[in-house]
Amino acid sequence: MAKRDYYDVLGVSKGASPDEIKKGFRKKAKELHPDRNSDNPNAEAQFKEANEAYDILKDPDKKAAYDRYGHAAFENGSGGPRGPGGFGGQGQGDFASAFSDVFEDLFGDFMGGQRGGGRQRAARGSDLRYNLRITLEQAFMGMQKTISVPGTVSCSACDGTGAEGGAEPVVCPTCSGMGKVRAQQGFFTIEKTCPTCSGMGQIIKNPCQACRGAGREEKTRALSVNIPAGVETGTRIRLAGEGDAGVRGGPSGDLYIFIEVEEHRIFQREGLDLYCRVPVSMTSAALGGDVEVPTIEGGRSRVKIPSGSQSGRQMRLRGKGMPALRGAGTGDMFIELAVETPVNLTMRQRELLREFEAESQDNQPETSKFFKTVKSFWDGMKS
């Protein structure tokens, strides 16, 4: 049976570029793979045919010979790649070699490997998290805080190499420095992490006694952190390079400080604004007056209470709230009045309140409105 044209087998034109030839083979490899075509008895033969075509056309010298002489360029005895064993004269090793290039493109990500060897010599250290609780006053003022952070640092005895005396690691003899080894299983080349060097590509013949070859050691460090004014719960501060030390000379990770502002016994915070409830006497609310209120910076402000003020009334002190984190203004402070009802009255106070009540029916707008509504309701029911 005459052989099909290799370009037709891969579905590409004769003038196709190397990338187009590779894409054509990838497409055919997916379509014709025996595992996907268990019900097609011809799939394996077609899959081998596509592999044979790609083995010729991916090589510039073989492709040039094929373009000039066709299949005759690779007949036995012609000095071409055709030889004993396998299909089309290719041995199993040639098949695996031809297919492994595309196999890496198709499945390399699932193997967890890296193109071009997958070595993992120097690795970045892990990032660390530190939770810091501060008061509302500290969030208002800003502060410089010293914290103790446990983590890993580069070993001082071996300078992070993991080898005794700071000696350099040597190339792993098992994987020749690649960090991965391959095993042939039928049509597939399986790639896995080198068991000798654990994917590092290097081994340490004489490990450091201080860190036991790890190149890092545990240590608690004291770090000074600048907490800017205006931070709130959830604010994240990043200290670059203050995380865990890297592996084999790799860069250190970062330290992330997460702020949590404690609840305040007087003030409630909403964004940049502060809220507080201020108790006032019944007479001050009725007649008006002044009241002193605390502010977040530690001072006091005098606020004028208008006559006839009711519980829940709010007044604003501009600029007495929290500063913006990046200096874009300052919030306000809102005061909510809480009118207190007097308790433990003397007989004289009770008499005065009863007299006051008798004289002030028309001066209580909410009470008068309520009773007028009730009277209107009952009059409607009667009619």
Side-chain angles (χ1 to χ4, degrees), residues 1-120 175-176 178-194 199:
M1 182 178 177
K3 283 190 173 184
R4 295 171 60 199
D5 182 80
Y6 284 154
Y7 291 101
D8 291 341
V9 171
L10 298 183
V12 297
S13 64
K14 190 172 182 179
S17 65
D19 285 340
E20 291 173 334
I21 293 173
K22 188 173 185 179
K23 289 179 181 178
F25 176 59
R26 292 178 64 181
K27 182 178 179 180
K28 291 295 182 181
K30 288 181 177 180
E31 292 177 358
L32 302 173
H33 195 282
D35 290 345
R36 294 187 175 184
N37 297 273
S38 57
D39 56 344
N40 183 2
N42 299 321
E44 183 174 355
Q46 293 172 345
F47 184 74
K48 292 179 179 179
E49 183 184 35
N51 179 78
E52 180 181 353
Y54 180 64
D55 183 59
I56 297 299
L57 298 182
K58 76 173 184 176
D59 185 281
D61 294 333
K62 294 179 184 180
K63 181 178 181 296
Y66 177 75
D67 290 343
R68 185 171 183 180
Y69 300 108
H71 293 294
F74 304 99
E75 295 295 333
N76 287 333
S78 64
R82 188 177 177 88
F87 59 90
Q90 287 182 294
Q92 187 178 12
D94 295 330
F95 171 79
S97 175
F99 186 63
S100 62
D101 294 339
V102 179
F103 179 82
E104 283 191 9
D105 287 338
L106 295 175
F107 307 109
D109 292 339
F110 296 101
M111 300 293 291
Q114 302 174 15
R115 298 292 303 279
R119 287 171 290 182
Q120 303 174 356
C175 63
S176 300
M178 299 301 291
K180 295 184 179 294
V181 294
R182 292 181 175 182
Q184 186 69 37
Q185 293 185 4
F187 294 125
F188 296 99
T189 299
I190 305 300
E191 189 177 71
K192 59 183 181 179
T193 302
C194 175

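Quick note: residue numbers are just sequence positions, from 1.
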Measure the [atom1]-[atom2] distance between [X] and [Y] for me, rounded to the nearest 0.5 Å.
X: His71; Y: Asp5; atom1: NE2; atom2: CG; result: 6.0 Å
X: Leu10; Y: Asn51; atom1: CG; atom2: CG; result: 9.5 Å
X: Lys23; Y: Arg26; atom1: NZ; atom2: CZ; result: 8.5 Å

What are the two closest non-hydrogen atoms of [X] and [Y], and how far apart are they?
X: Asp61; Y: Asp59; value: N-OD1, 2.9 Å
X: Lys63; Y: Leu57; value: CD-O, 3.6 Å
X: Ala50; Y: Lys28; value: CB-CB, 4.2 Å
X: Val181; Y: Cys175; value: CG1-CB, 4.0 Å

Find out whether [X] and [Y] are in side-chain contact, i.e. whether some heavy atom of one side chain is under 4.5 Å from a heavy atom of the other.
X: Lys62; Y: Asp55; value: yes
X: Lys48; Y: Glu52; value: no
X: Lys22; Y: Tyr54; value: yes
X: Asp67; Y: Tyr6; value: no

- Report the residues that fulfil side-chain contact (heavy atoms from CB on, under 4.5 Å) with Ala16, sequence neighbours left out, ordered by chain and then residue number.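 Ala16 satisfies side-chain contact (heavy atoms from CB on, under 4.5 Å) with Val12, Ser13, Glu20, Ile21 only.
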- Who are the ring pair (Phe, Tyr, Trp, His ring centres under 6.0 Å) partners of Tyr7, not counting sequence neighbours?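 Testing Tyr7 for ring pair (Phe, Tyr, Trp, His ring centres under 6.0 Å), a comparison that skips the adjacent residues, returns none.
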